[in-house]
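Following: one structure in structure tokens, then a few remarks.
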2 protein chains.
Amino acid sequence: MSTSAAEQDGQRDAAAAGVQSVDRALTILEVLARNGEAGVTEVAAELGVHKSTAFRLVATLEAHRLVEQTEDRGKYRLGVGVLRLAGATAARLDVVQEARPVCRQLAAATGETVNITVLSDSSALYLDQVAGTSALQPHNWVGQHIPLHATSNGKVLLSGLDPDALDRLLPKLPSYTPQTITRKAELRAELEQVRDQGYAVAVDELEVGLTAMAAPIRNAGGDVVASISVSGPTFRIEQRTEEIVRLLKEAALEVSLRLGWGHRQVTTPQ
Amino acid sequence: MSTSAAEQDGQRDAAAAGVQSVDRALTILEVLARNGEAGVTEVAAELGVHKSTAFRLVATLEAHRLVEQTEDRGKYRLGVGVLRLAGATAARLDVVQEARPVCRQLAAATGETVNITVLSDSSALYLDQVAGTSALQPHNWVGQHIPLHATSNGKVLLSGLDPDALDRLLPKLPSYTPQTITRKAELRAELEQVRDQGYAVAVDELEVGLTAMAAPIRNAGGDVVASISVSGPTFRIEQRTEEIVRLLKEAALEVSLRLGWGHRQVTTPQ
DNA sequence: GCGGTCGTTGCGTATGCCGCAACCGATTGC
DNA sequence: GCAATCGGTTGCGGCATACGCAACGACCGC
């Protein structure tokens, strides 16, 4: 808490973080995640600490392979250690564990990219991705937070919540393309339809030319705990919607069954 | 330094880590990645520090969402923050970029041409090539689409797919030389062998006089995302297969590690 | 070549972390 | 039902340790 006269950015929630040096080190990771690359001086300025302090912290992170420097004398960026940790994290989540073989098969059957998402912090957190056979990885979404109202996964996740949670999670509905749903009433109607038909569609709503379809994954209690989606270029998807929806719903059901859904009386009120 | 009477595992490289508390915190992440879950007491024992120290560190990690505690009785495990960081890392991950220095070294060590390929549209797409030291140079394959069943790279890429994808991708197996595999059953057996031994060989199967060997490159999820190969005139390769295979597998492993392939035993409770 | 910037390193100091011990809630044994 | 145990959590004081300072070498651009 020294130099309480930190004039630059007062909005940093510096307090309430137990160990100062660790907190600073982890903040460095977040800075690197945000900026992609950063030098020691830049990091030091962002933390409001001395250059040498930032360097020691970065060096410690580097010793654990969490960051790496681009060249001998260069900037720093996130390292492979992060990916190892992420692999262990994903392996721990039983949703991912159970869903992975199903995702593989779904990706093979449709030829498109398959994703698993969960609700996290008012957005859709992408947990896993299996690339389709068509081509190179279009985009790796894993770890990204994506708006709920502009994606098929998001709609599915929202459809599992009680209606008033909608206002709490999504006070506003920003627009990304002309197709993005921006009116609450329209979104509510859409979610109602998702609940009815058991899947969601998003055509050009997040990105023009990108279409995705998603279905809910339920746990033993019947709650929607995750969402599984198939996505690809609109022109490839739109001609095969029925087939993909069928495969998608089968896959979602399969994962739900593995998680224990349907094995006991479901007590969801109508 | 606390009393390093931690008798269990002496191999901890305690020294040479700049900031002590940060080093300990990051070690906690690694412990959690390895064990899946751990309590404060367990973590403290593993680090050789006091319970309270471990708790502060874990609490700081928790404030950054890198760990989270299970609701019931307060064990800790890796959190979603790790996935966010991984998303930022994966965004810049490029197979070619990560593989290039390794390819260079492999080309120098073997003196032969090294290639990187991925699966694309039912064939092997050559992404990168590093020429060997020999004067006798093959042509540049980069950008070419090459049949999957007649190349070592193709076999490796196929070996990462589920069996029924084979029929979809390769309805027919055209012949290029007398050595080309043209029967599905034979190809299946060959792929099985590739999976077992971790590399593939193709001798005179695409072009008479051309031999290639390839090994799989895997991403964090364990999928085969690319293939790396060493190729050259049959007469030069055939006498050094064991050496080349060893170097090749080392190189493939190195690239896989850079892409996050660090697979760990997960001791999830049954 | 010269000023500016960046990553890196030795050093002294007081800052912030660590170990101690006690607390609390839950679970177990008798 | 009570005591004993175990595991996570918290106040406190001493002292190790992480920090800021300043200087260095390397690089870049004017």
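Every chain is numbered from 1 and lettered A, B, ... according to where its sequence line falls, protein lines coming before strand lines. Remember, it's a predicted structure, so these values are computed and weren't measured experimentally.
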Consider the side chain of B/Val19, meaning its heavy atoms from C-beta on, and name the nucleotide among D/dC19, D/dT9, C/dT9 that approaches it most closely. D/dC19

Could you tell me how far apart B/Glu68 (CD) and D/dG8 (P) are, to the nearest whole angstrom? 16 Å

Pair B/Arg100 + B/Asp128: basic N to acidic O under 4.0 Å: yes

So, does B/Thr53 use its side chain to make a donor-acceptor pair with the main chain of B/Val49 at under 3.5 Å? no

Rounded to whole angstrom units, what separation is found between the CD atom of B/Glu62 and the C1' atom of D/dT9? 12 Å

ring-ring contact (aromatic ring centres under 6.0 Å, His included) with A/Phe55: which residues, sequence neighbours excluded? none

Of the candidate nucleotides D/dT9, C/dT8, D/dC19, which contains the atom at the shortest distance from the side chain of A/Thr53? D/dC19

DNA chain C: A/Val22 or A/Phe55, which has the more 5' nearest nucleotide? A/Phe55

Non-neighbouring partners of A/Val118 that pass side chain to side chain contact (heavy atoms under 4.5 Å, CB included), sequence neighbours left out: A/Leu125, A/Leu127, A/Ala226

Could you check how far CG of B/Asp23 sits from C1' of D/dT17, rounded to whole Å? 13 Å

With DNA chain C as reference, determine whether A/Glu42 or B/Ala54 sits nearer its 5' end, using the nearest nucleotide of each. A/Glu42

Could you pull out all residues at least two apart from A/Glu30 that satisfy salt bridge (Lys or Arg N to Asp or Glu O under 4.0 Å)? none

From the candidates D/dT17, D/dG8, C/dC17, the one with an atom nearest any side-chain atom of B/Gln20 is D/dT17

When the distance from CD of A/Gln69 to C1' of D/dC27 is rounded to whole Å, what number comes out? 15 Å

For B/Glu250, the salt bridge (Lys or Arg N to Asp or Glu O under 4.0 Å) test, sequence neighbours excluded, returns B/Arg246

Is the phosphate of D/dA18, meaning OP1 or OP2, less than 4.0 Å from a side-chain N or O of A/Arg24? no

Phosphate oxygens OP1/OP2 of D/dT9: is one of them under 4.0 Å from a side-chain N or O of B/Tyr76? yes

For B/Val245, side chain to side chain contact (heavy atoms under 4.5 Å, CB included) partners two or more places apart: B/Tyr199, B/Met213, B/Lys249

Can a donor-acceptor pair be found, under 3.5 Å and without considering hydrogens, that links the side chain of B/Thr117 to the backbone of B/Tyr126? no

Counting runs of three or more consecutive pairs, Watson-Crick or G-U wobble, with each distance below 3.5 Å, where are the stems of DNA chain D? C:2-30 with D:1-29

Check: residues 150-162 of chain A side-chain donor-acceptor pairs under 3.5 Å, at least two apart:
from     : atom 1 : to       : atom 2 : distance (Å)
A/Thr151 : OG1    : A/Pro147 : O      : 3.2
A/Thr151 : OG1    : A/Gly154 : N      : 3.0
A/Asn153 : OD1    : A/Ser227 : OG     : 2.6
A/Asn153 : ND2    : A/Ser229 : OG     : 2.9
A/Lys155 : NZ     : A/Glu190 : OE2    : 3.1
A/Lys155 : NZ     : A/Val201 : O      : 2.7
A/Lys155 : NZ     : A/Glu205 : OE1    : 2.9
A/Lys155 : NZ     : A/Glu205 : OE2    : 3.2
A/Ser159 : OG     : A/Val156 : O      : 2.6

With A/Ala25, which residues qualify under side chain to side chain contact (heavy atoms under 4.5 Å, CB included), at least two apart? A/Leu57, A/Leu61, B/Val22

Just the rounded figure in Å: distance from C1' of D/dC27 to NZ of A/Lys75. 14 Å

How long is the line joining CG of B/Leu57 and P of D/dT10, in whole Å? 15 Å

Closest nucleotide among C/dC6, D/dT9, C/dC18 to the B/Val40 side chain: D/dT9

Can you measure A/Ile28 atom CD1 to D/dA18 atom C1' for me and round it to whole angstrom units? 13 Å

Between protein and nucleic acid, restricted to nucleotides 20-22 of chain C and to nitrogen or oxygen atoms under 3.5 Å apart, what atom pairs and distances do you find?
from   : atom 1 : to      : atom 2 : distance (Å)
C/dC20 : N4     : B/Ser52 : OG     : 3.2

